Amino acid sequence: MSSISKGDRKASLDAASWLFNVVTSVGIILVNKALMATYGFSFATTLTGLHFATTTLLTLILKSLGYIQTSHLPLSDIIKFVLFANFSIVGMNVSLMWNSVGFYQIAKLSMIPVSCFLEVVLDNVRYSRDTKLSIVLVLLGVAVCTVTDVSVNAKGFIAALIAVWSTALQQYYVHYLQRKYSIGSFNLLGHTAPAQAGSLLLVGPFLDYWLTGKRVDAYGYGLTSTLFIILSCTIAVGTNLSQFICIGRFTAVSFQVLGHMKTILVLILGFIFFGKEGLNLHVVLGMIVAIAGMVWYGNASSKPGGKERRSFSLPKTQDYSSLPVSSEPDTKA
């Protein structure tokens with residue numbers, strides 16, 4: 001009875017974590033879309049720096065109140081993580097500027113096979129046939145929904161390549177650091193958010209000027225646009241935290257695969273709130289295929305042998321006897 005209760009509790013926490021990520025991610029996309037499209041605040045990198053500055057402030061407040069315990073993370077790991085994360089942010093922004101929207105979406109989809117490759121090589125993870133096929137089905141469905149015109153050039157391809165690999169490495173590192181050092185999501189954010197905030201706020205205004213030809217200090221800040229910026233920063237705290245929670249509880253691959261549910265949801269809400277232009281039969285069919293693939297992935301990866309980590313062990317820095325070191329199925333979200 002206790003084991004059943006424990007399993008039910010874990011399933012409830014998994015579902016709550018995923019719901020938290022979906023709500024905050026979709027929320028920030030809609031707020032940022034309104035902020036940039038309606039109020040012309042097109043300084044994406046600087047805005048991301050403000051997001052991490054707000055996250056840093058919250059972690060400092062919670063630490064001072066005793067809600068976050070003191071933990072240790074080596075400086076070398078922090079530097080590597082911040083480099084991966086910042087190259088991911090900058091690479092995605094530059095890729096979107098230099099490539100068509102269609103190729104940008106293809107680059108985002110390619111993060112899943114890259115994340116799979118990292119898990120296979122670095123964690124010795126093996127996927128069952130059903131798990132592999134479900135991933136292909138998700139990729140196919142999302143591609144049908146989002147990929148339209150596709151054009152690319154050499155510098156755009158390089159930017160996309162950097163963005164894809166740095167994003168995959170950053171998400172892998174979130175899971176790896178939490179397991180290796182037995183630290184929670186807020187602890188990891190407390191270590192990494194200050195460095196990301198400082199570096200992005202330093203580089204962001206210059207990068208945004210290069211991308212848009214506009215200066216962030218010359219923007220006409222009004223009451224409404226300022227409130228939207230504050231709202232975006234507030235929601236971003238939940239987005240950052242929920243990403244770390246979900247990747248920590250699941251894996252980077254599961255986060256990417258099931259994360260495309262947010263893509264589908266954003267499309268649906270976009271059609272509802274911003275007009276039905278672009279809504280047609282093949283988009284609807286793509287949504288159905290993608291959702292079916294996500295359901296299939298959840299079932300396939302949670303079965304014994306669906307997704308197993310074989311003979312995996314982490315470098316020991318403390319006592320990690322409680323960590324799993326044998327084959328284990330992926331958690332069903």
Side-chain angles (χ1 to χ4, degrees), residues 16-17 19-36 39 41-75 77-90 92-93 167 170-171 173-174 177-178 181-208 215-217 219 221-249:
S17 301
L19 181 62
F20 182 31
N21 180 256
V22 169
V23 171
T24 54
S25 297
V26 173
I28 199 170
I29 289 172
L30 295 178
V31 169
N32 286 351
K33 184 173 182 178
L35 179 61
M36 295 180 180
Y39 299 100
F41 190 86
S42 55
F43 312 102
T45 310
T46 304
L47 182 62
T48 306
L50 292 173
H51 291 168
F52 282 105
T54 308
T55 303
T56 300
L57 180 61
L58 181 61
T59 57
L60 290 174
I61 292 173
L62 291 177
K63 184 175 288 186
S64 66
L65 294 175
Y67 289 104
I68 300 179
Q69 301 300 319
T70 302
S71 60
H72 172 69
L73 192 62
L75 181 61
D77 283 324
I78 295 176
I79 292 174
K80 282 188 285 187
F81 179 89
V82 171
L83 284 175
F84 293 148
N86 286 358
F87 270 110
S88 167
I89 294 165
V90 173
M92 280 299 178
N93 290 338
T167 301
Q170 182 257 346
Q171 292 185 355
Y173 228 51
V174 169
L177 291 176
Q178 290 190 56
Y181 296 105
S182 296
I183 57 177
S185 304
F186 250 131
N187 290 90
L188 186 56
L189 269 177
H191 287 293
T192 60
Q196 280 193 263
S199 56
L200 289 174
L201 289 176
L202 182 65
V203 176
F206 299 101
L207 180 65
D208 288 332
R215 289 170 45 184
V216 66
D217 60 314
Y219 175 76
Y221 294 91
L223 177 61
T224 307
S225 61
T226 302
L227 288 176
F228 265 93
I229 293 173
I230 294 173
L231 179 60
S232 177
C233 291
T234 303
I235 298 175
V237 176
T239 305
N240 292 332
L241 176 61
S242 64
Q243 180 192 31
F244 281 32
I245 290 174
C246 286
I247 296 177
R249 294 187 71 87

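The shown structure was predicted, so the numbers you read here are calculated from the model rather than taken from an experiment.
- For the residue pair G184 and Q178, the shortest heavy atom distance occurs at C-OE1, 4.1 Å.
- Around the CZ atom of F20, the shell of radius 6.0 Å holds more than 12 heavy atoms that belong to other residues, nucleotides or ligands.
- To the nearest 0.5 Å, atom OG of residue S232 and atom CG of residue L35 are 6.5 Å apart.
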(request) Carefully, step by step, assess Q171 and S88 under the rule side-chain contact (heavy atoms from CB on, under 4.5 Å). (result) CA-CA 10 Å; Q171 292 185 355; S88 167; over 6 Å; no
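- With a 4.5 Å cut-off on side-chain heavy atoms, L58 and T54 do not count as touching.
- In terms of heavy atoms, F186 sits closest to L241 at CE1-CD2, 3.4 Å.
- Residue Y221 places its OH atom among more than 12 non-hydrogen atoms of other residues, nucleotides or ligands, all under 6.0 Å distant.
- Residues satisfying the side-chain contact (heavy atoms from CB on, under 4.5 Å) criterion with S25, sequence neighbours excluded, are N21, T239, K262.
- Between C233 and the options L50, L57, I28, a side-chain contact (heavy atoms from CB on, under 4.5 Å) holds for only L50.
- At a threshold of 4.5 Å between non-hydrogen side-chain atoms, the residues L231 and L227 do not count as touching.
- A donor-acceptor pair under 3.5 Å is formed between the side chain of N187 and the backbone N or O of Q69.
- Between the D208 side chain and the T46 main chain, a donor and an acceptor come within less than 3.5 Å of each other.
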(message) Evaluate F52 against I89 for side-chain contact (heavy atoms from CB on, under 4.5 Å), listing each step before the verdict.
(response) CA-CA 12 Å; F52 282 105; I89 294 165; 4.2 Å; yes
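- In the model, D77 has a side-chain atom that pairs as donor or acceptor with a side-chain atom of Y181 under 3.5 Å.
- Here the shortest heavy-atom pairing between M36 and F41 reads CG-O, 2.8 Å.
- Closest approach of A193 and T56 over heavy atoms only: C-OG1, 3.2 Å.
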(message) Would Q196 and N240 count as a side-chain contact (heavy atoms from CB on, under 4.5 Å) here? Give the steps.
(response) CA-CA 12 Å; Q196 280 193 263; N240 292 332; over 6 Å; no
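- With L188 as reference, V174 is the one residue of V174, I247, I245 to meet the side-chain contact (heavy atoms from CB on, under 4.5 Å) rule.
- The aromatic rings of F228 and Y39 are tilted relative to each other, their planes meeting at an angle between 30° and 60°.
- Contact record, G204 with T45: CA-CG2, 3.7 Å, taken as the closest heavy-atom pair.
- Proximity of F81 to L73: side-chain heavy atoms (C-beta onward) are nowhere separated by under 4.5 Å.
- In this structure, CD1 on I183 lies 9.5 Å from CG on L189, to the nearest 0.5 angstrom.
- A distance of 8.5 Å separates OG of S199 from CG of L83, quoted to the nearest 0.5 Å.
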(message) Assess the residue pair T192 and L177 against the criterion (side-chain contact (heavy atoms from CB on, under 4.5 Å)); give the C-alpha distance rounded to whole Å, side-chain angles, the decisive distance to 0.1 Å, and a yes or no.
(response) CA-CA 11 Å; T192 60; L177 291 176; 5.5 Å; no
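- In this structure, the separation between OG1 on T224 and CD1 on I229 is 11.0 Å, given to the nearest 0.5 Å.
- Minimum interatomic distance between H51 and A236 (heavy atoms only, all atoms of both residues): CG-CB, 3.3 Å.
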